[in-house]
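All residue numbers in this chain count up from 1 along the given sequence. Nothing here was measured: the structure is a model prediction, and the numbers come from that model.
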Amino acid sequence: MAHGPYTHVSMSIDPGQRPRIGISFYASITRARARALESGRPYLVLESDEADVTVSTTGAGPVTADDLDIARQIFNAAARYLADCERLHAEHTQATDSAA
């Protein structure tokens with residue numbers, strides 16, 4: 001099965017609810033970067049050819065304890081994602097090498 005790259009964007013608007021937007025990258029992220037603005041406010045950006053996602057502090061203001069908690073969750077999730085990708089890549093490479 002061929003797996004072509006794509007980005008999925010969805011939006012739901014329900015009466016009496018805040019709109020919800022979902023972005024799923026099933027394409028190569030062309031860049032992931034973290035920077036700080038001149039004001040010192042940090043931000044994280046994930047970019048693809050189809051969409052960009054930016055994460056920053058609450059209300060674009062000073063760093064809060066909740067912002068620190070989210071940053072730690074992002075860090076831990078990214079570390080887990082990296083470990084899973086490395087493991088699966090190694091398994092795929094080993095299976096490909098064994099088949100040759």
Would you sort out whether I70 and D66 count as a side chain to side chain contact (heavy atoms under 4.5 Å, CB included), showing the intermediate values? CA-CA 6 Å; I70 292 297; D66 287 341; 5.6 Å; no
For the [atom1] atom of [X] and the [atom2] atom of [Y], what is their distance to the nearest 0.5 Å?
X	Y	atom1	atom2	result
R41	S39	CZ	OG	5.5 Å
R20	S10	CZ	OG	8.0 Å
I13	R18	CD1	CZ	13.0 Å
F25	D49	CZ	CG	10.5 Å

Indicate if [X] and [Y] have the same hydrophobic cluster label, given that clusters are the connected sets of ILVMFWY residues with side-chain heavy-atom separations under 4.5 angstrom.
X	Y	value
I29	I23	yes
L46	I21	yes
V9	V53	yes

Please list, chain by chain and in numerical order, all residues satisfying side-chain contact (heavy atoms from CB on, under 4.5 Å) with Y43, sequence neighbours excluded.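 Checked Y43 against side-chain contact (heavy atoms from CB on, under 4.5 Å); matches are R33, R35, L37, V45, T54, S56.
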Check: T30 side chain, E47 main-chain N or O, donor-acceptor pair, under 3.5 Å: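 The answer is yes, because a donor-acceptor pair under 3.5 Å joins these two groups.
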Can a donor-acceptor pair be found between the side chains of T57 and D67 at a distance below 3.5 Å?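 Per modelled atom types, T57 and D67 side chains form no pair under 3.5 Å.
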Looking at residues at least two apart in the chain, or sitting in another chain, which of them share a salt bridge (charged side-chain N to carboxylate O under 4.0 Å, His left out) with D14?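 For D14, no residue satisfies salt bridge (charged side-chain N to carboxylate O under 4.0 Å, His left out) once neighbours in sequence are set aside.
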Answer whether the closest heavy-atom distance between the side chains of P42 and V63 falls below 4.5 Å.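 SC-SC contact between P42 and V63 confirmed.
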How about F75 and Q73: do any of their side-chain heavy atoms sit closer than 4.5 Å?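 F75 vs Q73: side chains apart.
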Under a 4.0 Å threshold between the charged nitrogen and the carboxylate oxygen, would D84 count as salt-bridged to R87?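 The answer is yes: the pair qualifies as a salt bridge.
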